[in-house]
Number of protein chains: 2
Amino acid sequence: MQLEEGKEKFIQAWGTLGSSWGINRTMAQVHALLLISPEALSTEDVMQELNVSRGNANMNLRALIDWGLISKELKPGERREFFVAEKDMWKVAKQVIRERRKRELEPMLRILEELRQVEGAKGDKETEAFTEAITNLHELSLKADKTLNTMLRADEHWFLSSFMKLMR
Amino acid sequence: MQLEEGKEKFIQAWGTLGSSWGINRTMAQVHALLLISPEALSTEDVMQELNVSRGNANMNLRALIDWGLISKELKPGERREFFVAEKDMWKVAKQVIRERRKRELEPMLRILEELRQVEGAKGDKETEAFTEAITNLHELSLKADKTLNTMLRADEHWFLSSFMKLMR
DNA sequence: TAAAACTTTCAATAACTATTGAAAGTATAG
DNA sequence: CTATACTTTCAATAGTTATTGAAAGTTTTA
């Protein structure tokens, strides 16, 4: 397979994967493009490579910075901004986990804690089923939270050796 | 807080969470409703509780069955179908992991394996950056796949005791 | 077999999300 | 200071995905 074909396939695949994770297609594609690019790219470069408008490119580059997946890079003697992606995939994965934990797991935990206080007659089936579901979900979420935290604190070496050894 | 208010908040929250995981809102809401329901519910019940049309209720109930998150239940002397959700949250989590692995990770692995064969001049920066990104991503994906597999094979006891102990 | 009770389908449409591109904003260079 | 090179915003619009509801399909009952 030739490089151009491979690039296109990868950008396409990464975009599709993004969609099923609630990440907009263009954002995932910009990320893919930067992941495989040896040089930092300008907004203009992104617009050209992906055939998107200036506004779209700009908005998704900013969103990626917001997620901590890419960063601005200034080239001496250049006025425009260039962008590079973090290339270490384990760091990328950790960053995504960190952000989603903050954006989704933490708010959900707060809601579940609130919902544990639903009151109702002691023998009421409805209330009991509700309370039990919430309690179980809360426990699982807490465990997931702790596990993720530990993973995030671990360095790559730990993940690759100890954890993987345990996992076979 | 009263039961009705709690139910609504939970259904709403679960729906929102679903959206950010690429799951359609109604599907997540139907799931939430069944999770907290002590009895099996009919299509009609779902339509009423969530204010959605028959077609919508039917389609999302089928999708949930497809995901293995709910099942049909037949009541003696009743002609309609009723639906119950799996209530054990660890089983639910495992099932979601299993399905997403099948639907997303496996196809991605296949694409990455294909993309590792991109050819190019040996000193070409573009090709080298591409190959390296693909190789790293492939390695990480393989590791994730193995880890998930091991988790899925493990029973709850293992997860809750050994693994959680390790994780503190 | 026919009517009733229920489920499924699907074309039309509504609702939502992403994208464009021109205009406004900002920073740098001369 | 002001012209230029760039970035950001945002209202309009395109594109996508979800929802409706009536019609078709299926199974059960009598």
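Convention: sequence-line order gives letters A, B, ...; per-chain numbering from 1.
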Practice task
Find out whether the Lys NZ or Arg CZ of B:Arg100 is both under 6.0 angstrom from the six-membered ring centre of B:Trp67 and within 45° of the ring's axis.
Solution key: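 No, B:Arg100 does not sit over the ring of B:Trp67.
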Nearest-angstrom distance from the residue atom [atom1] of [X] to [atom2] of [N]:
X	N	atom1	atom2	value
B:Arg62	C:dT7	CZ	P	12 Å
A:Leu64	C:dA18	CG	P	14 Å
A:Met47	D:dT7	CE	P	10 Å
A:Lys75	D:dA5	NZ	P	19 Å
B:Glu78	C:dT7	CD	C1'	15 Å
A:Leu41	D:dT7	CG	P	13 Å
A:Lys72	C:dT26	NZ	C1'	12 Å

Practice task
Give a yes/no on whether any side-chain N or O of A:Asn58 is located under 4.0 angstrom from OP1 or OP2 of D:dT8.
Solution key: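 Checking A:Asn58 against D:dT8: at least one side-chain N or O falls below 4.0 Å of OP1 or OP2.
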Practice task
Output all residues satisfying side-chain contact (heavy atoms from CB on, under 4.5 Å) with A:Glu132, sequence neighbours left out; order by chain, then residue number.
Solution key: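 Here the qualifying residues are A:Asn136.
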Problem - Under 4.0 Å protein heavy-atom contact, by nucleotide of nucleotides 14-30 of chain D - B base, S sugar-phosphate only - result: ----SSBB-----BB--
Exercise for the section: Answer yes or no: are there more than 12 heavy-atom neighbours, outside B:Lys91 itself, under 6.0 Å from its atom NZ? Expected result: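 Atom NZ in B:Lys91 is not crowded, with 12 or fewer foreign heavy atoms closer than 6.0 Å.
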Problem - A:Met59 atom CE, over 12 foreign heavy atoms within 6.0 Å - result: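 Not buried by this count: 12 neighbours or fewer within 6.0 Å.
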Handout entry: Whether A:Phe10 and B:Phe130 hold their rings parallel, tilted or perpendicular, with breakpoints at 30° and 60°
Key =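 Taking B:Phe130 first and then A:Phe10, their aromatic rings stand perpendicular (interplane angle over 60°).
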Exercise for the section: Identify whether any heavy atom of B:Glu44 sits under 4.0 Å from a base atom; if not, whether one sits that close to sugar-phosphate; answer base, sugar-phosphate or nothing. Expected result: nothing
Practice task
Please name all residues satisfying side-chain hydrogen bond (donor to acceptor under 3.5 Å, both in side chains) with A:Glu81, sequence neighbours left out, ordered by chain then number.
Solution key: A:Lys72
